> 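Could you have a look at this structure, given as structure tokens, before my questions?
All figures in this text were calculated on a predicted structure; none of them were measured in a lab.
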Amino acid sequence: MTSPAVQPTLNVVMLGPPGAGKGTQAERLASRHRLPKISTGDILRKAVQTGSELGGAARQLIDAGKLVGDDAVIGIVKGRLECEDARCGFILDGFPRTVVQATALDEMVAMRGPLVVLDIVVPEDVLVHRLAGRRICSRCGANASVDAKDACTRCGGELVTRTDDGAEIVRERLKIYQRQTKPLVDYYAQRLTFRSIDGNQSPDIVTASIDAAITAAATAGRGRA
Ligand SMILES: [Zn+2]
């Protein structure tokens, strides 16, 4: 079963709204399988920082909590998947977000083996609680837990809500996510390699669920191919 030279391909798409813990789980998955975690959000933020042309266009949209257009994002991902470290697979986080992007991805990975799609599901009221309640210490910058009282448990400083996660923006982000990516689930749902994950559990239990789902989905996908 284990061969030193050949690593089985693992192509994963992670779906899930902001606050579902998708980034954390993608990170874990990537390091466990030694695959790159490819996040269009990270790539765009880096572009903004380095002041590239793409970055300029992306900045205003990111600042407004909006999403960058299909063509630009598809181009970014296509280029990234051609990199050497993605030869044996990838963990995609934040792409695709639309059916147009999903169709483009299917073309990109047609020769790469099964595409495992994981949809992390969390009830909306839980998401709003997690995201809008995210506060930091105004003095030392530490993250405060959702249930912390008025003062920082580390230094006693005042806790403030992170400005980019205010309730208005949270609701707007969830609304955009809902409107744009619901059709994606319909697009993928009938596939043998699609799995729904209950994200309203502790991160370690979510990780275990994902492991089990990947084994089942990858097996089903290879069996069909
Ligand atoms: Zn503090």
> Any heavy-atom pair between the side chains of Val77 and Ile43 that's under 4.5 Å?
no
> Find out if a path of hydrophobic residues (ILVMFWY) with successive side-chain heavy-atom gaps under 4.5 Å connects Val13 to Val100.
yes
> What residues form a side chain to side chain contact (heavy atoms under 4.5 Å, CB included) with Ser31, not counting sequence neighbours?
none
> Quick one: CZ on Arg112 to CG on Leu105, what's the gap to the nearest 0.5 Å?
9.5 Å
> Flag the pair Arg80 and Asp85 as a salt bridge only when some basic side-chain nitrogen lies within less than 4.0 angstrom of an acidic carboxylate oxygen.
yes
> Is there a side chain to side chain contact (heavy atoms under 4.5 Å, CB included) between Val73 and Arg97? Walk through the geometry before answering.
CA-CA 10 Å; Val73 179; Arg97 276 200 161 97; over 6 Å; no
> To the nearest 0.5 Å, what is the distance between CD (Gln178) and CZ (Arg171)?
14.0 Å
> Grab the two heavy atoms, one from Thr215 and one from Thr219, that are nearest each other, plus how far apart they are.
O-OG1, 2.6 Å
> Go through the steps for Tyr188 and Thr193 under the test side chain to side chain contact (heavy atoms under 4.5 Å, CB included), then give the verdict.
CA-CA 8 Å; Tyr188 285 127; Thr193 53; over 6 Å; no
> For Asp71, what residues pass the salt bridge (charged side-chain N to carboxylate O under 4.0 Å, His left out) criterion, not counting sequence neighbours?
none
> Is there a donor-acceptor pair under 3.5 Å between the side chain of Ser138 and the backbone N or O of Glu158?
yes
> Tell me, please, which residues at least two apart from Tyr187 pass side-chain hydrogen bond (donor to acceptor under 3.5 Å, both in side chains).
Asp106
> Specify the closest pair of heavy atoms between Pro18 and Arg173, including all atoms of both residues, with the distance to one decimal.
CB-NH2, 3.4 Å
> How many angstroms lie between CZ in Arg139 and CG in Leu159, if you round to the nearest 0.5 Å?
10.5 Å
> Leu184 and Ala102: which non-hydrogen atoms are nearest, and at how many Å?
CD2-CB, 3.5 Å
> Group every Ile, Leu, Val, Met, Phe, Trp and Tyr by side-chain heavy-atom contacts under 4.5 Å, then state whether Leu127 and Val121 land in the same group.
no
> Where do Pro17 and Leu174 come nearest, in terms of heavy atoms and distance?
CB-CD2, 4.0 Å
> More than 12 heavy atoms of other residues, nucleotides or ligands under 6.0 Å from CD of Gln201: yes or no?
yes
> When you measure from the side chain of Thr98 to the backbone N and O of Gln101, does any donor-acceptor pair fall under 3.5 Å?
yes
> Rounded at 0.5 Å granularity, tell me how far CZ in Arg130 sits from CG in Asp125.
10.5 Å
> Please tell me whether Ile205 and Leu118 are part of a single hydrophobic cluster in this structure, the criterion being side-chain heavy atoms less than 4.5 Å apart.
no
> Does the pair Phe90 and Asn11 meet the rule for a side chain to side chain contact (heavy atoms under 4.5 Å, CB included), with working shown?
CA-CA 5 Å; Phe90 52 80; Asn11 309 311; 3.4 Å; yes
> Mind checking what makes side chain to side chain contact (heavy atoms under 4.5 Å, CB included) contact with Ala30, not counting sequence neighbours?
Lys37, Ile91
> Arg154: what forms a salt bridge (charged side-chain N to carboxylate O under 4.0 Å, His left out) with it, not counting sequence neighbours?
none
> What residues form a side-chain hydrogen bond (donor to acceptor under 3.5 Å, both in side chains) with Asp186, not counting sequence neighbours?
none
> If you look at every heavy atom in Cys140 and Cys152, which pair is closest and at what distance?
SG-SG, 3.9 Å
> Would you compute the distance between atom CG of Leu29 and atom NZ of Lys22 and round it to the nearest 0.5 angstrom?
13.0 Å
> Heavy-atom count around Arg32 CZ within 6.0 Å, excluding the residue itself: above 12?
yes
> One pair to check against side chain to side chain contact (heavy atoms under 4.5 Å, CB included): Met108 and Ile74. What are the steps and the verdict?
CA-CA 10 Å; Met108 289 178 223; Ile74 287 167; 3.8 Å; yes
> How far apart are the closest heavy atoms of Tyr177 and Leu15, and which atoms are they?
OH-C, 4.0 Å
> With rounding to the nearest 0.5 angstrom, report the CG to CG distance, Asp119 to Asp198.
11.0 Å
